[in-house]
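In the text below, chain A, chain B and the rest are named by the order of the sequence lines, each starting its count at 1. Only a predicted model underlies this, so the values are computations on that prediction, with no experimental measurement involved.
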Amino acid sequence: MASVALSEAEKVYIVHGVQEDLRVDGRGCEDYRCVEVETDVVSNTSGSARVKLGHTDILVGVKAEMGTPKLEKPNEGYLEFFVDCSANATPEFEGRGGDDLGTEIANTLYRIFNNKSSVDLKSLCISPREHCWILYVDVLLLECGGNLFDAISIAVKAALFNTRIPKVRVLEDEEGSKDIELSDDPYDCIRLSVENVPCIVTLCKIGYRHVVDATLQEEACSLASLLVSVTSKGVVTCMRKVGKGSLDPESIFEMMETGKRVGKVLHASLQSLLHKEESLGPKRQKVGFLG
Amino acid sequence: MAMEMRLPVPRKPVSESLGRETKKHLVVPGDTITTDTGFMRGHGTYMGEEKLIASVAGPVERVNKLICVKALKTRYNGEVGDIVVGRITEVQQKRWKVETNSRLDSVLLLSSMNLPGGELLGQGVLVQVPPSLVKRQKTHFHDLPCGASVILGNNGFIWIYPTPEHKEEDAGGFIANLEPVSLADREVISRLRNCIVSLVTQRMLLYDTSILYCYEASLPHQIKDILKPEVMEEIVMETRQRLLEQEG
């Protein structure tokens, strides 16, 4: 992750503040910064979303393309993730510097979606063993301001909610060859149900307590973090520890409980915001990048 | 726990809220300023194809025959007598490399460490702002009555720290005071930090009076609420109001 240089005294100040539940910007240990979410920002994708969390800026685009299903799962479509840490985010990502972080985030995304219930993959199947929809999810890191995983997972969920896959019909001739017909009406499409799509909550251990939504400075003071991927019902789909420091089992349990609690509230807010945005209709004022 | 998600709102241009009658002539790099060749070229302009073109983004300033463009966002250009706050990035044999938000890293020689006015800082919070927003004043070290102290570096680095109880004579060497800072002081420091960030987003000049008025305007709100866009606008508006009343 991008790192920031801090003096010992500054680190001590931050750690003591966290102990007393008053972080540098006045938040408590379980408070998030203000999040801005907007969907449908990129016009030539099947679905897109942009999320701004403090100084962190993420853009996600989803493209649906037809392809052949995987051999071991012939009745399902699948998702492919690609994360691009652009050099705009921070100078450390210049050249190939951002590749490591990009693959790490992509692998985490693969892991959290690697279960039967996150996305209904069977609905992506067109004809078994022959055709299915592949959703290419591309994540672009525009600015890095701490807490990347959370912002990325929120953006992925919002983009999947916004994705519209055109309806197709499979026609069969007398000879048996299949023809795929795409519906002409651009509004005739299927949407994915994102109710069970998980979101990641990152908990950074600072001193004896843990914080949610750490800024770059707070991440520099933390030796170990726990990434918990939680669904809207509070079910944990995957957990991962990052950082050089160690965590004792009691801390892990506490952090997991906090992650579940915070995750449920996160999902509820995101769900209500996405529905509110959709209810504004296609004529809503789009802010985009120049707003 | 608090969690707030919202839809983005298009930003309002700052001059609208100020209600300025005269609109400043704003240019971006490449814009033609004037085709009149009688003017002298100042900073931020260059001559090309018989016309004066801007090389930075900002308002055009004209003093008699001199035209220049004042850049909105630049690196810090040092001047003699300025106070700067820097972060030490490298330690070499006889000197320290210091990061001061300028074009090149600054150098601090070990021999100049004990000169008056220079000191190493202990616990506190650093806020980085554009250097053009720090007003030039007689003194940059302010002990605010609310309980914390502020050093406004001309380079845009602002250091907020708890007011030391008593001035000690350092025998020599530096030992940072690592005792926990009290909760009341912390609240003041966090509030000040958020106020400075809101003043910067609304592009207001930073000096002790503006920061203090902004602090007082923010008291009815919770510290973490100050960073919400609507609260930010409200307190900066109030600050602007008070500053205008004070001048007029």
Quick one: of [options], who has the most non-hydrogen atom pairs under 4.5 Å with chain A?
options                      : value
B:M3, B:K228, B:E99          : B:M3
B:M5, B:E187, B:R191, B:K224 : B:M5
B:I226, B:V125, B:D225       : B:V125
B:R193, B:R87, B:E4          : B:R87

What part of [X] gets closer than 4.5 Å to chain A, counting heavy atoms only: side chain, backbone, both or neither?
X      : answer
B:L183 : both
B:L126 : both
B:R186 : both

Are [X] and [Y] ion-paired here, with the side-chain N under 4.0 Å from a carboxylate O?
X      : Y      : value
A:R33  : A:D213 : yes
A:R261 : A:E30  : yes
A:R191 : A:E278 : yes

### Task
Please say which of A:I58, A:V37, A:D57 ends up in a side-chain contact (heavy atoms from CB on, under 4.5 Å) with A:R50.
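For A:R50, the side-chain contact (heavy atoms from CB on, under 4.5 Å) test succeeds with only one of A:I58, A:V37, A:D57, which is A:D57.
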## Note on the structure
Most heavy-atom pairs under 4.5 Å with chain B, out of A:E10, A:E38, A:R27, belong to A:E10
### Query
So which of A:L53, A:D25, A:V265 has the biggest tally of heavy-atom pairs under 4.5 Å with chain B?
A:D25
Which region of [X], side chain (C-beta onward) or backbone (N, CA, C, O), has a non-hydrogen atom less than 4.5 Å from a non-hydrogen atom of chain B, or is it both or neither?
X      : value
A:L280 : side chain
A:I154 : side chain
A:V262 : both

### Task
Tell me whether the centres of the aromatic rings in A:H275 and A:F161 are closer together than 6.0 Å.
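Judged by ring-centre distance (under 6.0 Å), A:H275 and A:F161 do meet the cut-off.
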### Task
For the residue pair A:N196 and A:S118, confirm or rule out a side-chain donor-acceptor distance under 3.5 Å.
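Checked: A:N196/A:S118 side chains show no N/O donor-acceptor pair below 3.5 Å.
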### Task
Applying salt bridge (Lys or Arg N to Asp or Glu O under 4.0 Å) between A:E218 and each of A:K11, A:R23, A:R209, report the one that passes.
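Among A:K11, A:R23, A:R209, the one meeting salt bridge (Lys or Arg N to Asp or Glu O under 4.0 Å) with A:E218 is A:R23.
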#### Entry: Steps toward side chain to side chain contact (heavy atoms under 4.5 Å, CB included) verdict (A:T202, A:L226)
CA-CA 6 Å; A:T202 309; A:L226 197 68; over 6 Å; no
